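Everything below concerns the one structure shown next.
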Amino acid sequence: MRLDGDTVLITGAASGIGRATALRCAEEGAHVVVTDVREGTGEEAVDEITGAGGSAEFRSLDVSDEERFREVVEAVEDDRGLDVLVNNAGVGSPPRLLEDTDPDIRDFIIETNALGVWNGCWAALPALKDDGGAIVNVASVAGVTGAPRIATYSLTKGAVVNFTRSVAAEAGRDDVRVNAVCPGFTETGMLDGYLSGSDDPESAREKLVADYPLGRLAEPEEIADGVVFLASDEASFVTGHALVVDGGYSCY
Ligand code: NAI
């Protein structure tokens with residue numbers, strides 16, 4: 001098992017990619033600290049893991065709250081020692097031209113997607129540097145390519161990709177690897193929210209799929225596999241990397 005005995009803290013793990021990652025990490029032998037702002041569904045994710053024979057616990061965490069992030073990390077470090085942090089929590093928004101975007105929405109997206117990742121690295125690095133470890137940030141293909149009507153989201157995800165490189169450069173001598181995964185469109189609630197903001201969600205979905213050389217969008221488990229790889233010793237010489245998992249979308 002690739003994460004045997006490790007403790008992995010995952011943000012936004014109540015649903016979607018975070019939940020799939022929590023399940024995969026538990027299958028690989030990790031104790032998973034499922035965290036999310038949504039308490040009920042977070043606890044359901046823990047039940048799913050333990051029901052399948054894995055080990056997990058739930059802790060409530062809003063990633064935009066840096067003091068709470070530090071408190072959660074310190075508690076996990078005291079209990080078991082932290083080995084891996086997955087900064088997965090993120091929010092999207094319906095497709096919208098930049099000039100039509102409300103500054104309140106801008107701030108909400110930046111606070112969650114960009115500052116949430118900053119908060120996670122800030123909170124976890126002291127613990128990870130103690131005994132080595134790994135951070136995996138969930139960015140997006142929107143952080144490495146441009147596309148219309150998602151500029152604010154792109155701003156945050158591009159920031160996460162380059163932040164990942166800089167933190168990797170800082171933390172490598174302390175045996176901490178820092179990488180990012182850049183998913184293409186993935187079948188989660190976030191995708192549903194994005195499509196429901198279109199005039200015709202079904203044809204919007206067909207247009208998206210047409211842009212993917214593999215002819216389909218990702219399943220959350222396929223992104224989780226990329227996260228597990230970067231978290232595991234199989235990636236022991238990989239740091240500062242942004243692993244694009246996008247069905248070939250960025251080939252064009
Ligand atoms: P999702 O909406 O299914 O799950 C996101 C989770 O994050 C939810 O459980 C939500 O409660 C939690 N969350 C939101 N704000 C939070 C906060 N402030 N603190 C703690 N938890 C919070 O979305 P999905 O698709 O699983 O997204 C996961 C990550 O993958 C995000 O960073 C997203 O930007 C990224 N991503 C998703 C893609 C997609 O097409 N679904 C494509 C590329 C990247």
Side-chain angles (χ1 to χ4, degrees), residues 9-24 33-46 48 58-69 72-73 85-95 105 107-120 123 135-145 147 150 152-161 163-164 180-197 204-205 208-209 211-212 216-224 226-227 242-247 249-250:
L9 189 160
I10 306 173
T11 67
S15 66
I17 292 169
R19 185 162 177 156
T21 302
L23 284 157
R24 290 289 294 115
V33 183
V34 170
T35 73
D36 206 286
V37 275
R38 289 194 285 160
E39 303 205 357
T41 34
E43 277 152 8
E44 281 167 23
V46 169
E48 193 179 350
F58 177 75
R59 291 179 191 259
S60 175
L61 172 62
D62 179 340
V63 296
S64 65
D65 180 346
E66 70 270 17
E67 291 304 335
R68 173 66 185 156
F69 217 137
V72 169
V73 164
L85 168 67
V86 181
N87 282 312
N88 162 78
V91 291
S93 66
I105 300 284
D107 292 349
F108 175 64
I109 295 174
I110 290 172
E111 275 166 22
T112 311
N113 295 5
L115 301 186
V117 174
W118 189 99
N119 291 340
I135 297 175
V136 183
N137 297 323
V138 179
S140 169
V141 73
V144 290
T145 61
I150 56 166
T152 311
Y153 184 78
S154 295
L155 168 75
T156 63
K157 295 302 187 175
V160 168
V161 168
F163 177 70
T164 298
V181 170
C182 298
F185 275 113
T186 306
E187 303 284 1
T188 69
M190 182 179 288
L191 175 64
D192 295 340
Y194 177 83
L195 291 172
S196 67
R205 168 182 282 276
L208 284 186
V209 169
D211 284 340
Y212 281 72
R216 63 179 178 83
L217 308 182
E219 295 299 329
E221 293 73 16
E222 295 177 289
I223 311 304
V227 176
L243 177 65
V244 174
V245 185
D246 71 345
Y249 173 84
S250 56

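All values reported here derive from a predicted model rather than from experimental measurement. Order of listing sets the numbers, starting from 1, for every ligand and every atom in it.
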Mind checking whether Ile10 and Val33 have side chains closer than 4.5 Å, heavy atoms only?
-> no

Side chain to side chain contact (heavy atoms under 4.5 Å, CB included) with Arg38: which residues, sequence neighbours excluded?
-> Ser15, Asp36, Thr41

Do Glu222 and Arg216 pass the salt bridge (Lys or Arg N to Asp or Glu O under 4.0 Å) test, and can you show the C-alpha distance, the side-chain angles, and the key distance before you say yes or no?
-> CA-CA 12 Å; Glu222 295 177 289; Arg216 63 179 178 83; 2.8 Å; yes

At a 4.0 angstrom heavy-atom cut-off, ligand 1 is contacted by Gly12, Ala14, Ser15, Gly16, Ile17, Asp36, Val37, Arg38, Leu61, Asp62, Val63, Asn88, Ala89, Gly90, Val91, Thr112, Val138, Ala139, Ser140, Tyr153, Lys157, Pro183, Gly184, Phe185, Thr186, Thr188, Gly189, Met190

So does Glu187 pair up with Arg205, basic N to acidic O under 4.0 Å?
-> yes

Compute the ring centroids of Phe185 and Tyr194, then answer whether they are less than 6.0 Å apart.
-> yes

Using distance alone, with no hydrogens and no angle criterion, decide if Thr164 and Asn137 have a side-chain donor and acceptor under 3.5 Å apart.
-> yes

